[in-house]
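Here the structure is laid out as structure tokens; the discussion comes afterwards.
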2 protein chains.
Amino acid sequence: MARKRITPGKIRLAEVAKLAGVSPITASRFFRNPEALSAGKRARVESAAKELGYVPNLAARALASQRTEVIGVLIPSLTNNVFADVLRGIYDALDGSRYSIQLANTRYSILQEERLLRLFLAQKPAGLIITGINQTADSHRIMETVDCPIVQIMEVGPAPIDMMIGFSHFDAAKAAIAHLLAQGYRRIGFLGARMDPRVQRRLDGYRAAMTEAALFDPRLIVTTAIPTSVTLGGTLFADLLAKAPDIDAVFCVNDDLALGALFECKRRHMAVPEQMAIVGFNDLEFMASSEPTLSSVRTNRYEMGRNAAMMVIETLEGRRPAEPVVDLGFSVIERQSSARRS
Amino acid sequence: MARKRITPGKIRLAEVAKLAGVSPITASRFFRNPEALSAGKRARVESAAKELGYVPNLAARALASQRTEVIGVLIPSLTNNVFADVLRGIYDALDGSRYSIQLANTRYSILQEERLLRLFLAQKPAGLIITGINQTADSHRIMETVDCPIVQIMEVGPAPIDMMIGFSHFDAAKAAIAHLLAQGYRRIGFLGARMDPRVQRRLDGYRAAMTEAALFDPRLIVTTAIPTSVTLGGTLFADLLAKAPDIDAVFCVNDDLALGALFECKRRHMAVPEQMAIVGFNDLEFMASSEPTLSSVRTNRYEMGRNAAMMVIETLEGRRPAEPVVDLGFSVIERQSSARRS
DNA sequence: ACCGATATTGACAGCGCTACCAAGCGATTG
DNA sequence: CAATCGCTTGGTAGCGCTGTCAATATCGGT
């Protein structure tokens with residue numbers, strides 16, 4: 001004989017229903033679609049649930065309904081400040097909603113990403129937020145067959161899997177270089193670390209801008225696969241100076257590198273911007289309060305995360321966003337470090 | 001008559017079992033406790049599962065077993081670099097294990113924390129990692145009755161709910177001040193933002209050290225409830241200078257404030273450390289590469305997260321750590337910004 | 001060859017909830 | 001006044017897996 005698995009004192013939906021004097025299924029409906037109940041029963045179930053302190057069992061719900069209320073988020077890094085802002089936006093948008101977040105770290109590997117994707121999609125998530133537009137062919141195929149809203153974040157491009165929100169890294173970098181050119185700088189170096197697809201597109205934007213201005217020179221480019229850091233910014237900047245001592249400006253693919261370059265300038269007693277202009281990318285908080293203040297390209301990361309989560313929710317609620325691809329743009333923030341060449 | 005909810009093509013445990021020629025329950029055991037099977041059946045189930053691409057249904061597992069394989073993590077902030085490192089440690093430790101992470105943001109509110117705790121514990125988590133030792137009385141009561149490993153992180157103190165890993169913020173701050181005193185500084189200011197309990201204890205450490213040296217002066221202390229930032233570091237430092245123009249050093253409760261103070265010094269053409277010594281807290285990466293390099297108190301955040309997760313796993317696997325309270329310590333990193341007073 | 005002990009395996013029911021269908025009910029309509 | 005309609009409510013079964021216990025296979029010792 002099998003056991004009687006009794007769980008004494010646990011409040012189940014049945015208890016709530018009994019107290020409210022309705023059937024369990026009616027109580028169930030109260031939590032999923034309150035409008036379907038008559039006002040009287042709705043009030044009775046509500047007060048019964050509150051009185052008993054009922055908390056639904058999500059596992060049972062997921063099993064019976066064949067779907068979860070979890071939104072998966074795949075990002076390449078937990079350390080990068082950029083993703084902290086995106087995450088904050090996502091969490092804020094989902095706060096108070098029925099949905100929870102399952103976060104996974106791909107560590108900048110699309111194979112890792114594919115593995116996590118398979119694992120995750122098997123659990124029938126309510127939605128998915130995934131970083132970038134470079135997934136493996138298999139990942140692509142899997143996502144196209146899956147039946148849940150998917151938002152690709154961080155950049156925009158052709159052929160979204162479902163929805164997309166971000167900006168053009170190519171254009172943003174190009175605009176940063178255009179700014180430096182307009183300020184009178186000519187020998188503009190490029191510093192890049194962890195050359196992920198988005199950083200690569202920034203390099204493309206740099207190359208396009210420099211080529212258009214007939215100023216392109218491969219010796220001005222220093223990149224590495226090493227993860228970014230302030231210290232690395234100093235090192236790369238030193239490398240760049242060794243390769244091209246005559247540079248008058250440097251564009252860094254992120255603000256950490258820019259800060260590192262600034263410190264390296266200080267160590268070399270190089271005046272910024274008089275002897276060396278610096279422009280970063282992302283406009284992290286400290287850029288506005290360094291000495292000198294550092295120019296950067298502002299990207300709307302918090303809004304990106306927030307909107308991505310909202311797009312998922314809206315789709316789930318049947319109010320699909322009119323525009324599946326959202327370009328949040330960017331803006332070049334001009335500060336002291338790239339003041340006009342005198 | 002009720003429906004036949006057929007799900008065609010879905011691979012369930014039963015399919016795997018049939019292909020392997022064993023009963024479903026044996027297949028189930030393969031995934032939970034492979035050693036219990038004979039080598040032959042183990043191999044058969046394994047190859048059957050691989051051939052069919054079986055992925056277990058976690059909702060069904062959770063419902064049947066009355067517990068989940070989710071470890072909850074409650075942290076007060078997603079933006080703070082400190083927690084990014086802790087999280088990375090946790091994710092790394094749990095990577096490849098059967099456990100997944102449910103992350104929640106308390107926003108430095110213990111009431112919010114209590115709400116999240118109730119919500120979360122109702123889902124029977126496998127374990128819980130929670131920040132700090134200051135929870136509401138109700139939270140405490142709830143956690144004591146719940147039957148899962150709990151690790152309090154970020155600090156150590158008396159009376160752990162279950163396990164604990166961190167360090168003494170009081171001692172760490174006191175050691176930082178002792179270092180400045182040893183270097184010959186006397187009028188040492190204190191800069192504090194977002195005075196959460198741990199920051200408060202750093203202030204206590206500062207006060208203790210200064211009082212012991214008979215140098216305590218309340219005018220040397222500037223604090224605010226505003227969240228920390230580099231910009232705020234500059235502002236607070238300016239406030240401090242206005243209140244106490246004769247200070248010769250400043251201890252900042254975190255590195256962002258220290259960096260902000262450094263920039264403010266540069267703006268005022270104050271030489272660091274000749275006219276003003278600076279010591280931060282946490283030893284973020286950039287402290288080692290600023291100009292001048294900034295002294296700080298190194299805390300082992302990654303290890304803290306990693307060990308906390310490992311303590312949870314070990315407990316779940318029956319190998320409970322010998323020592324429930326782990327003090328990871330700290331170290332004062334002496335750099336240029338607090339060089340000996342000449 | 002027999003016994004009990006140990007290692008494997010299987011049968012059964014049920015975890016708590018929701019999908020599906022059907023029924024009840026009062027209101028509306030020709 | 002009967003037929004019809006829309007709204008609300010309930011009954012039944014089952015989602016996929018695992019806890020409990022029983023049954024069987026294996027083994028060493030006497």
Side-chain angles (χ1 to χ4, degrees), chain A residues 1-18 20-45 48-49 52-69 98 122-124 126, chain B residues 1-45 48-49 52-69 98 122-124 126 147:
Chain A
M1 184 198 73
R3 76 347 190 130
K4 280 277 160 295
R5 278 192 253 172
I6 38 98
T7 338
K10 172 127 45 85
I11 288 100
R12 301 192 312 283
L13 192 54
E15 273 73 56
V16 176
K18 193 193 272 183
V22 301
S23 70
I25 187 66
T26 300
S28 167
R29 267 191 279 262
F30 168 77
F31 292 101
R32 290 174 294 139
N33 185 19
E35 296 80 37
L37 298 200
S38 62
K41 303 226 168 184
R42 183 164 38 202
R44 293 230 302 284
V45 175
L52 295 173
Y54 171 71
V55 181
N57 181 319
L58 299 184
R61 180 179 282 180
L63 182 58
S65 68
Q66 298 280 54
R67 60 192 143 72
T68 64
E69 290 174 345
R98 65 201 303 174
Q123 307 310 326
K124 307 243 176 126
Chain B
M1 185 197 75
R3 83 324 194 147
K4 281 276 163 291
R5 274 193 261 175
I6 39 95
T7 338
K10 174 127 44 80
I11 287 100
R12 301 191 311 285
L13 192 54
E15 274 73 56
V16 176
K18 192 194 272 182
L19 180 61
V22 300
S23 70
I25 187 65
T26 300
S28 168
R29 267 190 280 261
F30 167 77
F31 293 102
R32 291 174 293 142
N33 185 17
E35 296 80 39
L37 298 200
S38 61
K41 304 226 170 187
R42 182 164 39 205
R44 293 230 301 283
V45 175
L52 296 172
Y54 172 71
V55 181
N57 181 320
L58 300 185
R61 181 179 283 178
L63 182 59
S65 67
Q66 298 281 58
R67 61 192 145 70
T68 64
E69 290 173 345
R98 64 201 304 174
Q123 308 310 327
K124 310 247 175 111
D147 175 39

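In what follows, every heavy atom counts, from backbone to side chain, and hydrogens, waters and symmetry copies are set aside. Here the structure is a predicted model, which means the values were calculated and not measured. Residue numbers start from 1 in every chain, and the chains themselves are labelled A, B, ... in the order their sequence lines are given, proteins ahead of strands.
The K41(A) side chain lies nearest to dT9(D) when the options are dG19(D), dT9(D), dG10(C). With dG10(C), dG16(C), dG10(D) as the candidates, the nucleotide lying closest to the side chain of T26(B) is dG10(C). Between dG14(D), dG19(D), dG10(D), one nucleotide has an atom nearer to the side chain of A64(A) than all others, and that is dG14(D). When each of dT18(D), dG16(D), dT8(D) is scored by its nearest atom to the side-chain atoms of S38(A), the top-ranked nucleotide is dT8(D). With dT18(C), dG16(C), dT9(C) as the candidates, the nucleotide lying closest to the side chain of R29(B) is dT9(C). Here the nucleotide nearest the side chain of S23(B), chosen from dG10(C), dG19(D), dA19(C), is dG10(C). Out of dC17(C), dC15(C), dA11(C), the shortest distance to the side chain of I25(B) is found at dA11(C).
The pair R12(B)-E15(B) meets the salt-bridge criterion, since a charged nitrogen lies less than 4.0 angstrom from a carboxylate oxygen.
Of the two residues near DNA chain C, E35(B) and A60(B), the one whose nearest nucleotide lies more 5' is E35(B).
For the atom pair CZ (R98(A)) and CG (L58(A)), the distance works out to 10.0 Å, reported to the nearest 0.5 Å.
Within 4.0 Å (heavy atoms only), Y54(B) reaches sugar-phosphate atoms of the nucleic acid but no base atom. Residue A59(A) is classed as having no contact, given no heavy-atom separation below 4.0 Å to the nucleic acid. At the heavy-atom level, R67(B) lies under 4.0 Å from the strands shown only through sugar-phosphate atoms.
Side-chain N/O atoms of Q66(B) include one lying less than 4.0 angstrom from OP1 or OP2 on dG16(C). Put simply, R42(A) has no side-chain N or O that comes within less than 4.0 Å of OP1 or OP2 on dT8(D).
With rounding to whole Å, K18(B) atom NZ is found 15 Å from dG16(D) atom C1'.
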